[in-house]
Amino acid sequence: MSINRMLSWFPLAWRARYEAEVRELFEAHPFTRRERRDLFRACADAWWRETTSWGVGVVRFSAAVAIRIAVVLLLGWMGVRGLEWLVPNDVMRAWWPTVATDQWYAVLIVCKLSVFFVAVRGAMNPYERTLDPARRPTWLQTLGWLGTFSLLVVCDGRPANLPDACSMGIFAMMRWSPWLQLIDHDGRVRTTVLGLR
Amino acid sequence: MAKKLDESLASLGRFSEPAFNILVALADGPKHGYAMTQDIEQMTGTRPGPGTLYGAIARLEERRWIEPLPADDRRRPYKLTSAGQKVLRARIDALRAVTKIAQSRLANA
């Protein structure tokens with residue numbers, strides 16, 4: 001596991017404060033197995049210290065773990081379904097009788113590939129993006145994504161499209177993960193609801 | 001008072017030894033993480049892991065025994081505060097007392 005991946009598991013407040021310094025340490029000498037174990041222990045310790053109460057800590061840590069499990073399951077699902085997930089269902093013909101089928105297929109496949117791309121990109125390091133407000137999805141991107149998602153749901157014809165719904169979840173997580181951790185970008189505990197730009 | 005301060009260092013649990021090493025490393029002036037690691041390795045023969053190092057730094061900062069200075073690029077130096085100096089002195093006094101007892105017992109053995 002790379003150092004970037006391991007550091008992505010730390011709480012946001014810890015990362016905002018110490019990540020650059022720890023990264024610099026790892027650049028100075030090779031990353032040994034002992035240090036890898038040390039970093040895992042430090043991660044658990046950072047989560048424990050960061051919590052204001054035991055209950056809140058459990059909720060936050062569970063949310064962080066659950067999100068990552070969901071991301072792995074989603075990417076696995078998409079990989080297994082492959083072309084079946086990518087190619088739109090024939091039911092769409094009934095919705096768009098006047099438009100050439102090939103054109104709509106092309107549009108939908110592009111949309112689905114973009115869904116997959118954003119999901120993979122978000123899954124690479126979701127909290128990394130939230131550390132820097134400039135890298136978080138803007139409201140315009142969020143609306144564009146909602147539009148894409150709606151198009152997929154309406155045109156695809158499959159009533160329950162789990163991979164699309166999960167990818168939407170990942171996108172939302174990228175936008176709102178500071179809220180999930182209840183921590184602001186400067187490391188203070190948040191008192192407002194959503195970390196909107 | 002000295003004993004109380006020494007006990008407060010012990011309250012850091014498994015981080016008390018790395019914290020002590022950090023305080024010693026900072027005793028002769030501000031240092032950033034990598035310089036502290038080098039210094040501690042030179043003193044003790046063991047390089048502290050980055051997780052342990054920053055776990056101890058976070059605790060020392062929280063207690064205001066060390067404080068960060070403005071970062072130079074990505075390197076942020078830390079300096080010992082006067083409270084940190086008191087804690088370090090108390091710990092050294094306690095170690096000195098134990099060493100003295102140990103030496104006298106070995107001499108009598």
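Here is the naming used below: chain letters follow the sequence lines, and residue numbers restart at 1 for every chain.
Among residues 20-47 of chain B, the residues having any heavy atom closer than 4.5 Å to a heavy atom of chain A are, in sequence order, B:Gly33, B:Tyr34, B:Thr37, B:Arg47.
Residues satisfying the salt bridge (Lys or Arg N to Asp or Glu O under 4.0 Å) criterion with A:Arg33, sequence neighbours excluded, are absent altogether.
A heavy-atom distance below 4.5 Å is found between the side chains of A:Asp45 and B:Arg59. Looking at A:Glu24 and B:Arg76, their side chains never come closer than 4.5 Å, going by heavy atoms from C-beta outward.
Follow the hydrophobic side-chain contacts under 4.5 Å out from B:Leu69 and you never reach B:Ile66; the two are in separate clusters.
For B:Arg105, the CZ atom is loosely surrounded, since the number of other residues' heavy atoms within 6.0 Å does not exceed 12. Crowding of B:Arg63 atom CZ: a count of heavy atoms from other residues, nucleotides or ligands under 6.0 Å exceeding 12. Other residues, nucleotides and ligands contribute at most 12 non-hydrogen atoms within 6.0 Å of the CD atom of B:Glu17.
Taking each heavy atom of A:Tyr18 and B:Ala58 in turn, the nearest pair found is OH-CA, 3.3 Å. Of all heavy-atom pairs spanning B:Gly49 and A:Glu35, the tightest one is CA-CG, 4.4 Å.
Separating the CD atom in A:Glu21 from the CG atom in B:Leu53 is a distance of 9.0 Å, to the nearest 0.5 Å.
In terms of heavy-atom pairs under 4.5 Å with chain A, the best-connected choice from B:Pro48, B:Gly55, B:Gly51 is B:Gly51.
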